[in-house]
Participant: 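Below: one structure in structure tokens.
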Amino acid sequence: MIEVRELLIKAFASAWRVRESALQATDRDSYIQSSITVIDTLQVSPEMIYAEEGPGLTDGEELDHLDDLVRADGVWVYYGVPEESFFLVTWMEDAAAAQQKVSDLQAQGGCVACVVDLSETWRFD
């Protein structure tokens with residue numbers, strides 16, 4: 001099992017690599033930090049995380065569910081639609097099916113989709 005907070009960091013780092021050319025002015029750590037701070041709502045199940053973005057929480061508030069545990073086996077896919085201010089991270093059992101899902105989502109356009117690299121690391125300061 002893996003904590004939601006850790007999975008989100010790995011998902012944002014993976015998404016940053018996919019969006020890197022569009023985000024040349026934003027370094028990876030700033031992108032991860034800002035991606036976390038704009039989350040308004042977070043819904044978690046063992047095989048899916050859904051989040052809505054907005055102005056973020058006020059000072060002193062923390063998102064619920066960051067310490068919850070989700071699956072650490074299989075493959076996670078990040079899918080975000082920046083224009084609609086939401087993203088989800090969903091679990092898939094098979095790497096080939098996950099890559100096909102990413103390809104299908106990217107073909108639709110208007111989104112950021114990638115397989116989450118679970119070896120990504122980052123540390124909260």
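Side chains included, hydrogens not; waters and symmetry mates left out as well; all remaining heavy atoms used.
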Participant: Please tabulate, one pair per line, all N/O donor-acceptor pairs under 3.5 Å involving side-chain atoms of residues 76-92, not counting sequence neighbours.
Facilitator:
{"unit_1": "Trp76", "atom_1": "NE1", "unit_2": "Arg71", "atom_2": "O", "d": "2.9"}
{"unit_1": "Trp91", "atom_1": "NE1", "unit_2": "Asp73", "atom_2": "O", "d": "2.6"}

Participant: Under the rule for side chain to side chain donor-acceptor pair (under 3.5 Å), what residues qualify as partners of Gln43, not counting sequence neighbours?
Facilitator: none
Participant: Quick check: do Val4 and Asp67 have side-chain heavy atoms less than 4.5 Å from each other?
Facilitator: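 No, every pair of side-chain atoms sits at 4.5 Å or beyond.
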Participant: Quick one: list whatever passes salt bridge (charged side-chain N to carboxylate O under 4.0 Å, His left out) with Asp117, sequence neighbours left out.
Facilitator: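 Applying salt bridge (charged side-chain N to carboxylate O under 4.0 Å, His left out) to Asp117 gives Arg17.
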Participant: What's the shortest heavy-atom distance between Leu42 and Ala51, and which atoms?
Facilitator: CD1-CB, 3.8 Å
Participant: Is there a path of hydrophobic side-chain contacts, each under 4.5 Å between heavy atoms of I/L/V/M/F/W/Y residues, joining Leu118 to Ile49?
Facilitator: yes
Participant: Side chains of Leu8 and Leu66: closer than 4.5 Å at any heavy-atom pair?
Facilitator: yes
Participant: Which residues satisfy the side chain to side chain donor-acceptor pair (under 3.5 Å) test with Asp29, sequence neighbours excluded?
Facilitator: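 So Asp29 forms a side chain to side chain donor-acceptor pair (under 3.5 Å) with Trp122.
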Participant: Looking only at heavy atoms, which two atoms of Ile36 and Leu63 are closest? And how far apart?
Facilitator: O-CD1, 4.4 Å
Participant: Other residues, nucleotides and ligands only: do more than 12 of their heavy atoms fall within 6.0 Å of CD on Glu93?
Facilitator: no
Participant: Do Leu7 and Glu3 have side-chain heavy atoms sitting under 4.5 Å apart?
Facilitator: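 Side chain of Leu7 against side chain of Glu3, heavy atoms only: no contact under 4.5 Å found.
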Participant: I'd like a table of donor-acceptor pairs (distance under 3.5 Å, sequence neighbours excluded) in which one partner is a side-chain atom from residues 99-115, with atom names and distances.
Facilitator:
{"unit_1": "Gln100", "atom_1": "NE2", "unit_2": "Asp104", "atom_2": "OD1", "d": "2.7"}
{"unit_1": "Ser103", "atom_1": "OG", "unit_2": "Gln99", "atom_2": "O", "d": "3.2"}
{"unit_1": "Gln106", "atom_1": "NE2", "unit_2": "Ala113", "atom_2": "O", "d": "2.9"}

Participant: What pair of heavy atoms forms the shortest contact from Asp27 to Ser30, and how long is it?
Facilitator: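 Minimum heavy-atom contact is OD2-OG, 2.8 Å.
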Participant: Kindly give the heavy-atom pair with the smallest separation between Ala98 and Val75, and that separation in Å.
Facilitator: CB-CG1, 3.5 Å
Participant: As an exercise, state the distance from CZ of Phe12 to CD of Gln33, rounded to the nearest 0.5 Å.
Facilitator: 10.5 Å
Participant: With Ser34, which residues qualify under side chain to side chain donor-acceptor pair (under 3.5 Å), at least two apart?
Facilitator: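 Applying side chain to side chain donor-acceptor pair (under 3.5 Å) to Ser34 gives none.
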Participant: Quick check: is Ile2 connected to Ile39 through a chain of hydrophobic side chains (ILVMFWY, heavy atoms under 4.5 Å apart)?
Facilitator: yes
Participant: Given side chains that start at C-beta, do those of Val38 and Pro55 come closer than 4.5 Å, heavy atoms only?
Facilitator: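 They are not in contact (no side-chain heavy atoms under 4.5 Å apart), so the answer is no.
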